[in-house]
Engineer: 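To start, I am sharing the structure in question, which I have written as structure tokens.
Letters go in sequence order (proteins before strands), and every chain restarts at 1. Given the structure is predicted, the values throughout are model-derived calculations rather than measurements.
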Amino acid sequence: MHELSIAMSIVEMASEEARQHDGGIEAVHLRLGAWCGVAREALQFSWQAACAGTLLDGTRLVIEEVPLTVYCERCRQQQTLAAPRLLCPDCGAPAPTVVGGREMEVFALELAP
Amino acid sequence: MNPHPRILEVRQNILRQNDLVARALRQRFHRAGLRVASLVSSPGAGKTALLEHTLRRLRPRLRVAALVGDLATENDARRLARSGAPVRQIVTGTVCHLEAAMVEQALDHPDGAWDLHQLDLLLIENVGNLVCPSAYDLGEDLRVVLMSVTEGEDKPLKYPTIFNSADAALITKTDLADAVEFDWRCAQRNIEAVRPGMPILQVSSRTGTGLREWTDFLHNRLIAVKQSAEEGLIL
């Protein structure tokens, strides 16, 4: 995956918010789903390079990983999955309804005091 | 570290820009009565060969066109153009996937914007890649993931994100299945595991087996639905 280009999109998005709030940014908080298609480590690795020379130079990247979550119709509850197979870990029924794990979101900015 | 950080909630999708363009494209397609399907797969799974046959078969009854994405060369577009359908190449350079903006630029190309009202079906062949295209909405109505029998039955488990993002799976190069001892049941189970209920088709572009079922599927899923909707409106 092209994590550097994704990192640059995040920098652009965060910079725009930063300009509107007239202050320094300390950190960018992301939520990355297990099935979003972006590798956390590669994104962290690219972060410094993406920030260099921008408003976000020196900021931290904080990543919250969101596990793959499905809704089981039979058990009528959400289940977190580890494996790629969409099966309810309790009753074993196929669980096609993915309710979490596809997120690729700039969740929040941590502003300088 | 500051024990009391000031937090500004943003809650924005990182690929928001692409989503906006894709949404606008989708609206444009619908207003023009144009249905769109995209194909994704590993490099070499047979997207272009399939498209070549698909365009030839559909042309007599539908106004069909194609866009094909590659990092380099116009080879695929030239090959598909032999069908007689309008075809455009999107050369991405270094970009490993198609994005909505690239589709938009190709449709509105300075060489001559396509009149979408004059088309029934647009087929988009993505860059050969099972990882990156998954997150990028192109404004399509249907996404089909291809895997060839030579790629192994566990492909869906290795690339669950893109299989789960698709609406139909197509197993290609079926004429080679015996030679590679392809385990059909295993492949179907694995596809079912990452995308329960997804229709699975089989095709050999070389022998023609399954091509009619494939074009019928496209027709039923995309065109027939549109026609009934139009008739419903008239009634």
Side-chain angles (χ1 to χ4, degrees), chain A residues 1-14 16-18 20-39 42-43 60 62 68 70 73 81 83-88 93-98 101-113, chain B residues 1-21 40 71 92-99 101 126-127 129-137 154-167 186 188-199:
Chain A
M1 190 80 170
H2 40 278
E3 273 76 3
L4 179 57
S5 132
I6 299 270
M8 286 164 68
S9 296
I10 298 169
V11 168
E12 211 176 295
M13 192 181 284
E16 198 161 311
E17 288 286 338
Q20 287 179 29
H21 285 87
D22 208 26
I25 296 199
E26 299 222 333
V28 177
H29 290 248
L30 299 185
R31 297 183 80 231
L32 288 190
W35 274 20
C36 78
V38 176
L43 194 55
R60 288 177 291 121
V62 180
L68 181 63
V70 294
E73 301 285 341
L81 301 183
R85 288 182 172 85
L86 295 183
L87 298 171
C88 175
T97 312
V98 175
R102 293 189 150 279
E103 297 82 354
M104 204 196 305
E105 177 181 55
V106 173
F107 184 73
L109 300 181
E110 201 176 308
L111 304 175
Chain B
M1 198 186 301
N2 184 355
H4 304 290
R6 291 197 305 139
I7 300 289
L8 172 69
E9 261 196 26
V10 175
R11 289 185 170 262
Q12 267 191 32
N13 185 2
I14 293 171
L15 297 185
R16 186 170 164 269
Q17 194 49 40
N18 186 82
D19 284 350
L20 289 174
V21 178
V40 294
L71 268 69
T92 70
T94 56
V95 185
C96 48
H97 57 272
L98 287 182
E99 300 188 7
N126 214 315
V127 175
N129 183 339
L130 275 184
V131 181
C132 311
S134 70
Y136 293 88
D137 185 0
D154 54 358
K155 202 82 175 185
L157 301 180
K158 291 180 176 175
Y159 299 92
T161 309
I162 198 144
F163 274 83
N164 183 263
S165 77
D167 304 298
C186 185
Q188 283 168 341
R189 268 199 315 269
N190 291 339
I191 292 171
E192 179 72 18
V194 299
R195 183 70 158 93
M198 173 154 80

Engineer: Just so I understand: if I count every heavy-atom pair under 4.5 Å between each of A/R31, A/H29, A/R102 and chain B, which residue has the most?
Structural biologist: A/R102

Engineer: Decide yes or no on side-chain contact (heavy atoms from CB on, under 4.5 Å) for A/L86 and B/E192, but give the supporting numbers first.
Structural biologist: CA-CA 9 Å; A/L86 295 183; B/E192 179 72 18; over 6 Å; no

Engineer: With rounding to the nearest 0.5 angstrom, report the CD1 to CD distance, A/I10 to B/Q12.
Structural biologist: 12.0 Å

Engineer: Of the backbone (N, CA, C, O) and the side chain (C-beta and beyond), which part of A/V28 lies under 4.5 Å from a heavy atom of chain B, both, or neither?
Structural biologist: neither

Engineer: Less than 4.5 Å to any heavy atom of chain A: does that hold for the side chain of B/T94, its backbone, both, or neither?
Structural biologist: neither

Engineer: Could you give the distance from CD (B/Q17) to CD (A/E12), rounded to the nearest 0.5 Å?
Structural biologist: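 Between B/Q17 CD and A/E12 CD, I get 8.5 Å after rounding to 0.5 Å.
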
Engineer: For the pair B/R195 (side chain) and A/P96 (backbone), establish whether a donor and an acceptor sit closer than 3.5 Å, ignoring hydrogens and angles.
Structural biologist: no

Engineer: Within a strict 4.5 Å, meaning less than it, do heavy atoms of the A/E110 and B/I7 side chains meet?
Structural biologist: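 A side-chain contact under 4.5 Å exists here.
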
Engineer: Using heavy-atom distances under 4.5 Å, tell me whether A/L68 contacts chain B through its side chain, its backbone, both, or neither.
Structural biologist: neither

Engineer: Applying side-chain contact (heavy atoms from CB on, under 4.5 Å) between A/W35 and each of B/S134, B/S165, B/P160, report the one that passes.
Structural biologist: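 Among B/S134, B/S165, B/P160, the one meeting side-chain contact (heavy atoms from CB on, under 4.5 Å) with A/W35 is B/P160.
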
Engineer: side-chain contact (heavy atoms from CB on, under 4.5 Å) for B/V95 and A/H2? Distances and angles first, verdict last.
Structural biologist: CA-CA 8 Å; B/V95 185; A/H2 40 278; over 6 Å; no

Engineer: Name the option with the most non-hydrogen atom pairs under 4.5 Å to chain A; the candidates are B/I162, B/N13, B/N190, B/I14.
Structural biologist: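 Option with the greatest count: B/I14.
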
Engineer: Can you establish whether the number of heavy atoms outside A/E17 located under 6.0 Å from its atom CD is more than 12?
Structural biologist: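 More than 12 within 6.0 Å, yes.
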
Engineer: So which part of B/N129 gets closer than 4.5 Å to some heavy atom of chain A, the side chain, the backbone, both or neither?
Structural biologist: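 No part of it gets close to chain A.
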
